[in-house]
Amino acid sequence: MPFKRYVEIGRIALVNYGKDYGKLVVIVDVIDQNRALVDAPDMVRGQMNFKRLTLTDIKIDIKRVPNKKTLIAAMEAADVKNKWENSSWGRKLIVQKKRASLNDFDRFKVMLAKIKKAGVVRQELAKLKKETA
Amino acid sequence: MAPQQRKPHVCRNPDLIRGVGKYSRSKMYHKRGLWAIKAKNGGAFPKHEKKAAAAAPAEKPPKFYPADDVKKPLVNKRKARPTKLRASITPGTVLIILAGRFKGKRVVFLKQLTSGLLLVTGPFKINGVPLRRVNQSYVIVTSTKVDVSAVNVEKFDDKYFGKKVEKKKKKGEGEFFEAEKEEKNVLPQDKKDDQKSVDAALIQSIEAVPDLKSYLGARFSLKAGMKPHELVF
């Protein structure tokens, strides 16, 4: 039961409350027991309570409080975006966002696709059952 | 306006604070150049001649004075105009009807009539909704659009949908009731032809989009887990 994800400089975290909800940010410094200095390529560097952050597995190699240019370069080097989008957590979030933005027509098309897929699966199952029977 | 565009004049007497101007009355008199206008006019400010008042026809005293004071109704300057159409509703938008015998049906919007109601059609062949008027409040607007450029809806207005006034027949007993019942429910052939002509072009553009025909044929319903305030239409 030891901890695997630590608060450290360079840890990528997901904001889970507040104005920047859903964003990936980098912890660039620790202010005190409760707060971290946090930065992201598209936001002004600022403090955030740890309670607003959820740590991820991704870590980048930076020194304490780098400037924006260095930060962006480090993020590119570690390929944060792709790592996140290919992780199961990141993929789940992308699917959730897509589902929430579906149009009424899109939902109808999804329903048709589900029915079709279920039909194909059922046919295959019936074939397999026949073989073993 | 004259062809030369004049530069809009900056305020001659700017406010120091609200209600207090920078310049006094005498200074403003000088700034406006009233002294120059007077000088040009020989010492007095130029005056217009008063227009000769048109002689009002002599009013006769009224013949009748009401016993108690009669109240005048209040002035009402409101103009009747059709309901403001939501910006998301454009010709060709798919709407979901929420009330009435066609509740849940997905339907194509054609135009807004002068009464404010929306003219809408199924198309009839796809979901059984004829050319019909629908109130904007009883409708969910989806973001799906159908191409309606080939459809002509000029001839439809509120009168087309009004109840037809029947000529009163002289009452004859006995035959009276049977004859009435037979005539009632037949839809006139010209309305059927109108429906067909509007739908013909529409159905072509609908069949161009995959699955759209079955979409319009299906009814909308809320299922488990659907939260209307979170759904994107």
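Source: prediction; values computed, not measured. Lettering of chains follows the sequences in order, A, B, ..., and the numbering in each one begins at 1.
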Cut-off 4.5 Å, heavy atoms of chain B, and the answer for Leu112(A) is side chain

Exercise. So with a 6.0 Å cut-off around CD of Gln204(B), is the heavy-atom count from everything else above 12?
Worked result: no

| said: Can you confirm whether or not the ring centre of Phe220(B) sits under 6.0 Å from the ring centre of Phe233(B)? | reply: yes

Under 4.5 Å to a heavy atom of chain A? For Leu212(B) that would be both

Honestly, the part of Thr142(B) sitting under 4.5 Å from a heavy atom of chain A is side chain

Between Tyr160(B) and Asp194(B), does any side-chain donor sit less than 3.5 Å from a side-chain acceptor? yes

| request: Measure from NZ or CZ of Lys109(A) to the centre of the six-membered ring of Phe105(A) and say whether it is under 6.0 Å with the direction within 45° of the ring axis. | output: yes

